[in-house]
Amino acid sequence: MTGKDAPIVVLTGAGISKESGLATFRDADGIWATVRIKDVATPDAYRRDPKRVYEFYNARRQGLVGGNIRPNAAHGALARLEREWPGGVLTVTQNIDDLHERAGAKNLIHMHGELLKIRCDVCGNVVAWRDDLGIEDACAACNTAGRMRPHVVWFGEMPFEMERIERAISAAGVFMSIGTSGNVYPAAGFVMLARQAGARTVELNLEPSEGATLFEEKIYGPASQVVPVYVERLLHGAGD
């Protein structure tokens, strides 16, 4: 595998949270099968009908905080890897839930934003938010009402912290991709960056992703089963 002083970068997608009870986006029965992207997840949708956008994200937020949603064994295994791996671990998640944090992850980038935060369109102030959001809500920093939005990356917007992510992948000894379809860019291109940097590339997924042939090592099955086993292998040096 790799020496334990080599950094690890982990990319996670909706597949890791599905086992915790959260809907994915691109499955046949996923979120985008029931609602149109252009109606709720673009800057134009927000400008055109903010109430509808608020309602969509309010429902998702309450499903996350009010439902029986818990981190699963895959989240827990990655938090353990972060704690115990000498070379350091950065988790880059495409998910906007807080399940990695609840499992104990600390070194984490939400490249597509966070459902439990909102942001002011006027001054950029970001605050934690667990309640419903409406037009009447004002920014605590600049007092402007009606300009708070979910702190998520919509289609047509640039993901967060791309420079930091690319630097980390370029310095990684291992790049792991977990629970992602491999068809959403720029995240789908991370494996090529890792390969160019000489990292060992590993796909842990329910089924082969669209970029499966780009990975050196491929293990398929539910994330809650295959991720803990692979983390155990890394920590105990099997295959070093």
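Numbers here simply count residues along the sequence, with the first being 1. Being a predicted model, the structure only gives us computed values, none of them experimental.
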- Query: Salt-bridged, Asp39 to Arg52, with N to O below 4.0 Å?
  - Reply: yes

- Message: Could you tell me if the side chain of Phe215 sits less than 4.5 Å from the side chain of Arg195, heavy atoms only?
- Response: no

- Flag side-chain contact, heavy atom, 4.5 Å: Asp97 against Leu115: no

- Item | Cationic N near anionic O, under 4.0 Å, Asp44 to Arg48 | no

- Side-chain touch Val53/Trp154, heavy atoms, less than 4.5 angstrom: yes

- Task: State whether Glu19 and Arg70 are salt-bridged, where the test is any N-O pair (Lys NZ or Arg NE/NH1/NH2 against Asp/Glu carboxylate O) under 4.0 Å.
- Result: no

- In chain order, what residues pass the ring-ring contact (aromatic ring centres under 6.0 Å, His included) check against His100, with sequence neighbours excluded? His75

- Between His151 and Phe160, is the gap from one ring center to the other below 6.0 Å? yes

- Query: Would you say Ser170 and Leu193 make side-chain contact, with heavy atoms under 4.5 Å?
  - Reply: yes

- NZ/Lys117: more than 12 non-hydrogen atoms of other groups inside 6.0 Å: no

- Look at Glu136 together with Lys51 and state whether they make a salt bridge at an N to O cut-off of under 4.0 Å. no

- Task: Indicate yes or no: does Glu217 engage Arg200 in a salt bridge with an N to O separation below 4.0 Å.
- Result: yes

